[in-house]
Amino acid sequence: MNVDIGNALATVASPGVSRDSLERLDEQVADAHARIERGMANAEHGYEALNLPERVDPDEILTAVEPIADAETMITVGIGGSSLGAATITNALDSDTEAVFLDNVDPEWVSYHLDRVSFENAAINVVSRSGTTAETLANFLVVRDAFESAGVDWTERTIVTTGESGPLCDLADRHDLPSLTVPDGVPGRFSALSAVGMVAAAVCGHDLEALLEGAAAEADTLSESLFDCPAYAYGATTYALDGRGAGVNAMMPYAESLETVAEWFAQLWAESLGKDDLGQTPVRALGATDQHSQLQLYRAGPRDKLVTFVTPRNGGDRPIPDTDVEELAYLGDSTLGTLLEAEFEATEASLAAAGRPNVRVEIDRVDEYELGGLLYGLEAACVLAGELYGVNTFEQPAVEWAKKATRGLLGGGEFAETAAVAEKTELRIER
Ligand SMILES: O=P(O)(O)OC[C@H]1O[C@](O)(CO)[C@@H](O)[C@@H]1O
């Protein structure tokens with residue numbers, strides 16, 4: 001990935017960061033890089049995620065998925081980091097295999113998807129690092145039951161990716177299911193470039209080696225200066241802007257195929273940096289669509305936002321036919337790609353003209369190599385930002401309260417949190 005932070009400079013935007021401040025911040029970046037390198041060298045929890053390009057064996061994954069490689073529909077049952085990485089990769093790339101992600105427990109939505117599956121041509125990819133996530137386990141019980149009701153032996157059509165131990169591990173052993181292990185020391189939101197994100201990608205026929213090569217190339221750019229490393233330039237700039245008031249980071253890819261990148265990034269950024277009353281709020285947007293819904297706010301609302309554009313510099317195109325309608329002449333005989341490119345450049349310039357900070361993250365095209373580099377680059381940017389914020393980037397203790405309360409509400413144990421649910425303050429206004 002390439003990063004252009006020109007429109008985040010104080011000469012262009014407010015909030016903005018001066019060149020001098022960036023150079024001073026670069027001293028902290030050097031210290032942070034030293035910390036990251038040490039963490040990677042010692043395979044420390046979290047930092048180990050940045051070693052994945054060297055650690056992951058694509059052949060191990062390809063061998064494990066062989067029994068289900070013929071699947072026409074790949075149903076991934078997982079949530080958060082156990083779904084978003086795989087969804088980002090498979091939603092970005094073409095495949096004849098349909099990838100379905102059950103990452104919620106909305107009964108009508110789950111039924112909608114299961115009602116459309118031909119189970120004899122489908123497979124189940126159940127993913128949970130902990131092996132205890134209620135939504136994933138509940139959906140897995142529902143999906144396997146659907147296979148059984150369709151007379152299809154789910155044990156022949158299921159692959160499991162989970163931690164070294166836990167209920168899913170036991171289930172895989174009990175039924176002798178093909179299974180892969182979530183690498184130790186790799187938090188869910190940093191696991192897209194491991195079996196967690198790659199099983200679905202493999203069944204969809206994507207080039208795992210190219211994904212890892214792209215990530216490895218990005219890893220080679222990690223250095224002690226933000227001026228030599230696109231990932232660190234992005235991480236440091238977002239941190240600096242947050243400190244100057246840009247507490248919201250709206251990620252706006254200019255490609256439908258990259259829409260899920262913004263969703264994946266939202267978990268990465270929120271769950272990693274949202275601690276100790278700190279952290280930038282990620283917002284998902286899409287270009288050109290959200291020019292017609294959000295741009296008004298980004299250009300003329302509170303000066304509390306950074307807009308992160310993600311743009312592939314090359315890609316497919318489609319001609320716009322010529323027209324004899326005079327008013328449309330400027331569109332006719334051009335292409336949708338030309339229009340989208342103009343929209344992107346105009347929107348980027350419109351924010352700069354209004355003095356609103358924005359950063360451009362560029363990839364050459366949407367393919368496995370570039371996607372691997374983008375995912376790795378944004379992960380490294382996040383790790384760097386976490387060092388600068390001084391937070392524990394790799395834990396997410398705040399999510400446990402609701403999990404305990406949920407479990408208690410379902411009779412799954414005694415938790416103080418459950419009692420608090422009943423103590424809700426009410427002020428109902430009814431129709
Ligand atoms: O992979 P698991 O353990 O099922 O967890 C799923 C997701 O839930 C979280 O733990 C948050 O609840 C995320 O960090 C994680 O990606």
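One-based numbering along the sequence shown.
Side-chain polar atoms of Glu48 and Asn51 form a donor-acceptor pair below 3.5 angstrom. Side-chain contact annotation: Thr132 with Ser130, donor-acceptor N/O pair under 3.5 Å present. With no hydrogens or angles considered, a side-chain donor-acceptor pair links Tyr389 and Asp242 at under 3.5 Å. A donor atom on one side chain and an acceptor atom on the other are found under 3.5 Å apart for Ser293 and Asp290. Residues Thr338 and Thr335 bring a donor and an acceptor atom of their side chains to less than 3.5 Å of each other. Asn249 and Thr238 share no donor-acceptor pair across their side chains, judged by distance under 3.5 Å alone.
With a 6.0 Å radius and a threshold of 12 heavy atoms from other residues, nucleotides or ligands, Asp106 has its CG atom above the threshold. Residue Glu224 places its CD atom among 12 or fewer non-hydrogen atoms of other residues, nucleotides or ligands, all under 6.0 Å distant. Enclosure of atom CD in Glu426 by more than 12 non-hydrogen atoms of other residues, nucleotides or ligands within 6.0 angstrom is indicated. Atom CG of Asp94 is surrounded by 12 or fewer heavy atoms from other residues, nucleotides or ligands within 6.0 Å. The environment of CZ in Arg407 is sparse: at most 12 heavy-atom neighbours from other residues, nucleotides or ligands sit within 6.0 Å. For CG of Asp220, the number of neighbouring non-hydrogen atoms (other residues, nucleotides, ligands) closer than 6.0 Å is greater than 12. By the 6.0 Å contact criterion, CZ on Arg318 is open, its count of non-hydrogen atoms from other residues, nucleotides or ligands being 12 or less.
Aromatic ring centroids of Phe227 and Tyr232 lie 6.0 Å or more apart.
The two residues Leu25 and Ala240 make their nearest non-hydrogen contact at CD2-CB, 4.0 Å. Nearest approach of Ala353 to Arg299, heavy atoms of both residues: CB-NH2, 4.1 Å. The two residues Ala92 and Leu258 make their nearest non-hydrogen contact at CB-CD2, 4.5 Å. Across all their heavy atoms, Arg19 and Leu9 have their closest contact at N-CD2, 4.5 Å. For the pair Leu193 and Gly372, the tightest heavy-atom approach, listed with the atom from each and the gap, is CD1-O, 4.0 Å. Residues Ser191 and Ser194 approach most closely at O-OG, 2.7 Å, considering heavy atoms.
The backbone N or O of Met1 sits less than 3.5 Å from a side-chain atom of Glu218, completing a donor-acceptor pair. For the pair Lys404 (side chain) and Glu414 (backbone), a donor-acceptor distance under 3.5 Å is absent. Ser223 places a side-chain N or O within 3.5 Å of a backbone atom of Ser225 that can act as its donor or acceptor partner. Listed for the Ser111 side chain is no donor-acceptor partner under 3.5 Å among the backbone atoms of Glu108. Looking only at distances, no side-chain donor or acceptor of Asn42 sits under 3.5 Å from a matching main-chain atom of Glu44. Asp276 contributes no side-chain N or O that, together with a main-chain N or O of Leu278, makes up a donor-acceptor pair within less than 3.5 Å. The closest donor-acceptor contact from the side chain of Ser21 to the backbone of Val17 lies at 3.5 Å or more, if one exists at all.
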With a cut-off of 3.5 Å and sequence neighbours excluded, list every side-chain donor-acceptor pair involving residues 164-172.
none

### Message
Walk me through whether Thr311 and Arg313 qualify under side chain to side chain donor-acceptor pair (under 3.5 Å).
### Response
CA-CA 6 Å; Thr311 173; Arg313 304 318 292 150; 2.8 Å; yes

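The pair Glu98-Arg116 fails the salt-bridge criterion, with no side-chain N (NZ, NE, NH1 or NH2) lying under 4.0 Å from an Asp/Glu carboxylate O. At a threshold of 4.0 Å, the pair Arg365-Glu370 does not count as salt-bridged, since none of the basic side-chain nitrogens sits closer than that to a carboxylate oxygen.
In this structure, CD on Glu362 lies 14.0 Å from OH on Tyr254, to the nearest 0.5 angstrom. Within the model, atoms CD of Gln291 and OH of Tyr298 stand 11.0 Å from one another, a figure rounded to the nearest 0.5 Å. For the atom pair CH2 of Trp264 and CG of Leu84, the computed distance is 9.5 Å after rounding to the nearest 0.5 Å.
By the 30° and 60° cut-offs, the orientation of the rings of Trp269 relative to Tyr234 is tilted.
A 4.5 Å side-chain heavy-atom check between Thr136 and Val127 finds every atom pair outside the cut-off. Put simply, the side chain of Asn2 does not reach to within 4.5 Å of the side chain of Arg360, judged on heavy atoms.
For Arg356, there are no salt bridge (Lys or Arg N to Asp or Glu O under 4.0 Å) partners, not counting sequence neighbours. Partners of Thr260 under the side chain to side chain donor-acceptor pair (under 3.5 Å) rule, at least two apart in sequence or in another chain, are Asn91.
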